[in-house]
Amino acid sequence: MEVETNKETLCINQIIGQKIDSAIIEEDFVVPDIKPDIINEVSTNGTVCIYKKEVMDGKIKIDGCINAYVIYLADDEQSQVRSINTNLDFSQTIDFKELKIGMTVQSNICIKSIECRVLNGRKVNVRAILDIDLKAYSNEELEFMKQVEGIKDIQLLNENFNINSLLGIGSTKVYAKDTVVIDNIDEIAEIMKVNVDIQNKETKISYNKVLIKADQIIKIMYLSLDNRICTKVTSIPIMGFVDMQDVNDENICDVDYEIKNILIKPNSAEEHSIYVEIENEVTCIAYQNKNLSIIQDLYSPSINLAYKQKMIKTMSQKSVIKDICLIREKQVIPEIGNNKIYDVDVRPYILSQNIVNDRVIYKGEIELKFVFGEENSTKIQVKAIIIPFEYNVNCPKISSNFKIDSKLEVKMQDFVIMPDQSIDIKIDLQFVVSSFRNEEISVIQEINIEENRENEKYSIIIYFTKPRRYIVENS
């Protein structure tokens, strides 16, 4: 017979597994008829867009594209620098044995490398390697016994736990749309290069809503009709709301941004402007701290009780810490000298992370790819350098048994050529450190009374011992 109990429902979010993979995306393209023949590639860059993610049993399917720009040296009388813009569509199915339909998957997909190979004057091959980092979460509604009713002589052993219970998951789409004005003297011949980033991310919680704010940073390099290379950087504020029942400012929110589509196109020459439209998907996972007193064992001297227990894994002591590392360096790059710098791609990498005494110690590198003019010429060149860095982020109460998820964001970048031809480099790197501890909890889900309990005679025996005596003999 089942015992009458008072139950409570708990929503837990378990990290089921992590999958790190890579994919090679490769495709041949024909140079458009309106473009001159290609002699060799100068620079290739791209931005990943994710159209769709489909979670299946044991695998996930990801559909997207790489919006790529290839800058090349043209085979014409002026040896001009021209560009090709193309999309590398991909559909990748990745085996992930822990996955089940209905699970939540967070993804971080970025370009590890991208290059263009000239096949002939009218045909090129673009090849990109993607780094894919997937984390799978299982959301489960769990019932556990809070109180036992109707049995007067029951004895309970309770234990207190502080855990991070899942409050909800929501998503929304936000758009960066603007008409970017360029100099009146510029008439755009073609877009040569586009970089898209998201900075200054903020989250504010109001009644049943999570407000997300950020700045979409778009850097556009273009060629004018009079054969000048120009760069325009613009910042477009983006904002949206994620509906979430019962969320409040005491909750912790994990927010992820993912670019879905990019549209960059010049307007008519008379308008001296570029139309920009970027679609982003924002996903928010909210947690609440819960103090629980959970029954671990029980006993009654009058009736025979049997119960079923289940071990669950959940999160505790979750926190998000942000810190900024200031990189200040001077580099002498002879190839650049006093030439004009058109653009710099900044790509930071974490090589190692270790938890020591309430802090996380990071070692990493920043890859800088300079796109600069060639002296007394309209040609451009590319030069890449590596800057190593070490940084400590203070995370109170963190220890070696914590799990950490670290992200790097470039908050600011500035590069100035000094009179002595050195380059003054200023980069602000923001570390976003999400940490938590895995907690294993035993919960009682069902209690039954077993029939025909055998009567037992209880007794107590008390006995005394005499002091032990030691005899020492002299030899």
Side-chain angles (χ1 to χ4, degrees), residues 7-20 55 96 98-100 102-108 133-146 158-171 201 203 205 210 212 242 244-257 282-296 309-323 353-355 358-360 393-407 431-445:
K7 296 183 179 180
E8 184 173 336
T9 300
L10 180 67
C11 187
I12 60 173
N13 190 32
Q14 303 180 61
I15 294 184
I16 300 301
Q18 182 175 9
K19 177 80 172 184
I20 296 176
V55 177
F96 198 159
E98 295 90 350
L99 271 185
K100 301 291 182 185
M103 288 185 177
T104 301
V105 175
Q106 286 184 324
S107 61
N108 181 22
D133 187 354
L134 305 172
K135 292 185 180 69
Y137 296 84
S138 172
N139 309 317
E140 182 180 357
E141 292 279 348
L142 181 73
E143 276 193 342
F144 66 93
M145 305 297 178
K146 188 177 180 182
N158 287 50
E159 189 173 346
N160 294 323
F161 295 94
N162 184 290
I163 68 169
N164 300 113
S165 172
L166 178 68
L167 182 64
I169 300 175
S171 64
K201 301 171 185 175
T203 304
I205 300 173
V210 179
I212 57 96
V242 178
M244 198 167 294
Q245 189 69 28
D246 299 325
V247 71
N248 62 61
D249 56 8
E250 294 181 356
N251 301 141
I252 299 173
C253 292
D254 282 345
V255 179
D256 279 333
Y257 291 75
V282 185
T283 303
C284 177
I285 304 178
Y287 301 90
Q288 60 180 333
N289 286 322
K290 274 201 170 185
N291 292 308
L292 302 174
S293 179
I294 299 179
I295 301 171
Q296 299 295 293
Q309 279 183 307
K310 180 180 180 180
M311 293 297 297
I312 64 168
K313 291 182 179 180
T314 186
M315 295 181 180
S316 68
Q317 301 181 51
K318 182 172 177 61
S319 68
V320 178
I321 302 292
K322 295 182 179 181
D323 199 359
Q353 55 187 24
N354 295 295
I355 301 173
D358 288 347
R359 69 185 191 275
V360 183
V393 177
N394 292 322
C395 299
K397 299 182 181 179
I398 198 172
S399 59
S400 58
N401 62 347
F402 274 63
K403 302 289 185 182
I404 55 174
D405 182 19
S406 306
K407 295 179 182 177
F431 286 80
V432 181
V433 186
S434 178
S435 64
F436 64 91
R437 190 163 66 89
N438 280 327
E439 190 87 45
E440 285 196 347
I441 300 175
S442 173
V443 296
I444 294 175
Q445 294 186 299

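Please read all numbers here as calculations on a predicted model, not as lab measurements.
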Starting at [atom1] of [X], measure out to [atom2] of [Y] and round the result to the nearest 0.5 Å.
X      : Y      : atom1 : atom2 : answer
Lys397 : Asp358 : NZ    : CG    : 9.5 Å
Leu167 : Asp246 : CG    : CG    : 6.5 Å
Asn289 : Gln317 : CG    : CD    : 9.5 Å
Ser171 : Asp256 : OG    : CG    : 11.5 Å
Ile285 : Asn251 : CD1   : CG    : 13.5 Å
Asn158 : Ile295 : CG    : CD1   : 5.5 Å

Under the side-chain hydrogen bond (donor to acceptor under 3.5 Å, both in side chains) test, which residues partner [X], sequence neighbours left out?
X      : result
Thr203 : none
Asp323 : Tyr391
Lys318 : Asp254, Ser434

TODO: Might you work through the side chain to side chain contact (heavy atoms under 4.5 Å, CB included) test for Met103 and Ile16, ending with a clear yes or no?
DONE: CA-CA 9 Å; Met103 288 185 177; Ile16 300 301; 3.9 Å; yes

Closest approach of [X] to [Y] (non-hydrogen atoms, all atoms of both residues):
X      : Y      : result
Ile404 : Ser435 : CG2-CB, 3.8 Å
Ile205 : Asp249 : CG2-N, 3.8 Å
Phe96  : Leu134 : CE1-CB, 4.0 Å
Ile321 : Asn394 : CG2-O, 3.7 Å
Ser406 : Val433 : OG-CG1, 4.4 Å
Met244 : Ala286 : SD-CB, 3.2 Å

Task: Polar side-chain atom of Ser165 near backbone of Cys11 as donor-acceptor pair, under 3.5 Å - done: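 Indeed, once roles are kept as given, a pair shorter than 3.5 Å links the two residues.
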
Task: Under 3.5 Å: donor-acceptor pair, side chain of Gln296, backbone of Ser442 - done: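 Yes; at least one donor-acceptor contact below 3.5 Å.
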
Open item on the list: side chain to side chain contact (heavy atoms under 4.5 Å, CB included), that's the test. Do Val282 and Cys284 meet it? Break it down for me.
Closed with: CA-CA 7 Å; Val282 185; Cys284 177; 5.7 Å; no

- [ ] Carefully, step by step, assess Asn160 and Asn291 under the rule side chain to side chain contact (heavy atoms under 4.5 Å, CB included).
- [x] CA-CA 7 Å; Asn160 294 323; Asn291 292 308; over 6 Å; no

Task: Verdict with reasoning, Val360 to Asn354, per side chain to side chain contact (heavy atoms under 4.5 Å, CB included) - done: CA-CA 6 Å; Val360 183; Asn354 295 295; over 6 Å; no

TODO: Please name all residues satisfying salt bridge (Lys or Arg N to Asp or Glu O under 4.0 Å) with Lys135, sequence neighbours left out, ordered by chain then number.
DONE: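 If we apply the salt bridge (Lys or Arg N to Asp or Glu O under 4.0 Å) test to Lys135, skipping adjacent residues, the hits are Asp133, Asp405.
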
Open item on the list: For Glu439, give me all partners under side-chain contact (heavy atoms from CB on, under 4.5 Å), at least two apart in sequence or on another chain.
Closed with: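 Glu439 satisfies side-chain contact (heavy atoms from CB on, under 4.5 Å) with Phe161, Thr314, Ser316, Arg437, Ile441 only.
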
Task: All side-chain contact (heavy atoms from CB on, under 4.5 Å) counterparts of Asn438, not counting sequence neighbours - done: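 For Asn438 the side-chain contact (heavy atoms from CB on, under 4.5 Å) partners, ignoring immediate neighbours, are Lys403, Phe436.
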
